[in-house]
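As C-alpha cells, the structure follows; a few thoughts come after it.
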Number of protein chains: 2
Amino acid sequence: MNIGEASGRSGLPAKTIRYYEDIGLIRPDRSDNGYRDYGSDDVHKLRFLHRSRSLGFSVEECRQLLALYEDKSRASADVKDIAATKLIEIDRKIRELTELRHTLEHLVHACHGNERPDCPILEELSEG
Amino acid sequence: MNIGEASGRSGLPAKTIRYYEDIGLIRPDRSDNGYRDYGSDDVHKLRFLHRSRSLGFSVEECRQLLALYEDKSRASADVKDIAATKLIEIDRKIRELTELRHTLEHLVHACHGNERPDCPILEELSEG
DNA sequence: GCTTGACCTTCCAGTGACAGGAAGGTTCAT
DNA sequence: ATGAACCTTCCTGTCACTGGAAGGTCAAGC
C-alpha cells in the first residue's frame, strides 16, 4: 500500500512516516514508480510507534522497543534487560498517570474553594 | 531557594526551568543579586510540569493543567471542560500503557520463538 | 584581602522530532 | 487529455529543549 493508506491505518501523518524512514526506524519497499510500498507488518510497527511515542517514550526508546519485536533470536540478555527496564518505566508511568488522574478529579469535584495555596491536593501533587 | 536547589527538588534541569520561565509557565521572584528565587509552590509546579511532560502532554497542555491549579475562582465552565477532556486523555493513556505492558511481558516470557512475523503478539499490538 | 571554585546571569547557537510548502512526477476518472 | 489526488525530494520553520561562551556572585580557605 502507498504511504497515504499506511498513514490512515497507523494514524501517523505521512510526513512523520517519511521521517521515521529517514532515521531508519522502518524500511518499506519501493514500487516501480518510486512510491513507498508498505506491508501490514509495516503498519503494525507504525501503529506501535504512534502509541509509544504518544505515551512519552523517545524515538530512541521506541527504536529499542521495536528491536524487541524484530530480534529474531530473542535470546540475548540485553534484549531482556531492555524489556525489563521498559516494564519498570511503564509501571512508573501508569502510576504517575493514575495519581495525575486522582489529582485532577479532586481539583474538579472536591477542591472547589479558595483554600489554596495550602490546598491538600497541591501538596499531594508534589509527592510523586 | 536558588535555581540549583529548585532543579534538584523538581528533577528538572536548570536550563529547562529557565526556559519554562521564558515561555511564561512560572514566575519566580528575584533576589537582590539578580538570582531567581523559588518558593515551595514553585517547586510543586515544577514537579507537576516534570511529571506531566514525561507522560506525553505538550507544554501547552501542561499550561492548561497548571491553569486548573491556579484558577482562583474555579467556577468557570471552560476550566471544567479542559479538566474533563484531560481526564479522558489520561484514561486513554493508562489503557494504552497497560496494553503496552501486556504486550512487552508476552514478548519477553511467552513469545520466545521465531514464530514471527505472524506472532499473535504482533497482531495484538495493532488492535489498540 | 585575595583567590578558587561552585554557583548564578544572559545570550546565542545547535538538536530532536517533526510540520509546511515548493517544484515536480504518477495515476485515475471524466 | 485535463484536472484532482496522489506521490517524490528538498529546503525551511517550529517546538521544546540543550550546550556553551562570557561574565557576575558568594562562601571558604590561605
Side-chain angles (χ1 to χ4, degrees), chain A residues 1-40 42-43 45-67 86 89 93 96 100, chain B residues 1-40 42-43 45-67 86 89 93 96 100:
Chain A
M1 78 192 74
N2 286 346
I3 200 169
E5 193 176 342
S7 167
R9 292 199 190 180
S10 66
L12 284 171
K15 282 272 183 187
T16 303
I17 296 178
R18 288 195 197 95
Y19 173 70
Y20 286 168
E21 184 178 351
D22 274 6
I23 62 173
L25 281 182
I26 42 164
R27 308 203 171 278
D29 289 346
R30 292 281 178 151
S31 310
D32 289 347
N33 56 14
Y35 287 14
R36 290 167 179 85
D37 183 21
Y38 297 88
S40 62
D42 290 321
V43 174
K45 290 182 194 173
L46 290 172
R47 292 176 74 108
F48 176 71
L49 287 169
H50 185 33
R51 277 217 242 167
S52 36
R53 282 293 291 127
S54 90
L55 294 171
F57 291 97
S58 75
V59 165
E60 280 319 301
E61 288 172 328
C62 289
R63 195 190 297 276
Q64 294 182 345
L65 288 169
L66 258 193
K86 291 302 166 207
E89 227 171 296
K93 278 172 191 285
E96 289 181 358
L100 186 58
Chain B
M1 80 193 72
N2 286 346
I3 199 169
E5 193 176 341
S7 167
R9 292 198 190 180
S10 66
L12 284 172
K15 280 272 182 188
T16 303
I17 296 178
R18 289 195 196 95
Y19 173 71
Y20 286 168
E21 183 178 352
D22 274 7
I23 62 172
L25 281 182
I26 42 165
R27 307 202 172 279
D29 288 347
R30 293 280 177 150
S31 309
D32 289 346
N33 57 13
Y35 287 14
R36 289 167 179 83
D37 183 21
Y38 298 89
S40 62
D42 290 321
V43 174
K45 290 183 193 171
L46 291 173
R47 292 176 74 108
F48 176 71
L49 287 169
H50 186 33
R51 278 217 241 165
S52 37
R53 282 293 292 129
S54 90
L55 293 171
F57 292 97
S58 75
V59 165
E60 280 320 300
E61 288 171 329
C62 289
R63 194 191 297 277
Q64 293 182 345
L65 287 169
L66 258 192
K86 293 302 166 206
E89 226 171 297
K93 279 173 191 285
E96 290 181 357
L100 186 57

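- Between B/Arg53 atom CZ and C/dA17 atom P the separation is 13 Å, expressed in whole Å.
- Checking D/dC17, C/dC8, C/dA19 against every side-chain atom of A/Pro13, the shortest atom distance belongs to C/dA19.
- When rounded to the nearest whole Å, the span between CG of A/Leu25 and C1' of C/dG16 equals 13 Å.
- Taking only distance into account, the side chain of A/Tyr19 never meets the base of C/dG16 through a donor-acceptor pair shorter than 3.5 Å.
- For A/Arg18 and D/dC7, the shortest distance from a side-chain N or O to OP1 or OP2 is not below 4.0 Å.
- Of the side-chain N and O atoms in A/Thr16, one or more sit less than 4.0 angstrom from OP1 or OP2 of C/dA19.
- As rounded to whole Å, 16 Å separates atom P of D/dC6 from atom CE of A/Met1.
- Remark: P of C/dC7 and CD1 of B/Ile3 are 13 Å apart, rounded to the nearest angstrom.
- The line from CD1 of A/Ile26 to CG of A/Leu66 is 9.0 Å long, rounded to the nearest 0.5 Å.
- Rounded to a whole Å, the CD atom of B/Glu21 is 15 Å from the P atom of D/dC17.
- A/Arg30 CZ: more than 12 foreign heavy atoms inside a 6.0 Å radius.
- Both A/Glu5 and B/Asp32 lie close to DNA chain D; mapped to their nearest nucleotides by heavy-atom distance, the more 5′-ward contact belongs to A/Glu5.
- Among the nucleotides C/dT27, D/dT25, D/dA16, the one closest to any side-chain atom of A/Asn33 is C/dT27.
- Contact check, B/Arg30 against C/dT10: a side-chain N or O comes under 4.0 Å of OP1 or OP2.
- Atoms CG (B/Leu49) and P (D/dA16) sit 12 Å apart, rounded to a whole Å.
- Contact annotation: B/Arg36 side-chain N/O to C/dT10 OP1/OP2 distance is under 4.0 Å.
- With values rounded to the nearest 0.5 angstrom, A/Glu60 atom CD is found 7.5 Å from A/Leu25 atom CG.
- Taking atom CG of B/Asp22 as the reference point, atom C1' of D/dC17 lies 11 Å away to the nearest angstrom.
- Checking A/Lys15 against B/Tyr35, the closest nucleotide of DNA chain D that is more toward the 5' end is the one next to A/Lys15.
- Atoms CG and CG, on A/Leu65 and B/Leu100 in that order, are 6.5 Å from each other to the nearest 0.5 Å.
- In terms of phosphate contacts, A/Ser58 brings no side-chain nitrogen or oxygen within less than 4.0 Å of OP1 or OP2 of C/dG16.
- Across all strands shown, B/Ile23 has no heavy atoms under 4.0 Å from either base or sugar-phosphate atoms.
- In this structure, B/Tyr20 atom OH and D/dA16 atom P are separated by 9 Å, rounded to whole Å.
- Stacking of B/Lys93 on the aromatic ring of B/Phe57 is recorded, both the 6.0 Å distance cut-off and the 45° axial limit being met.
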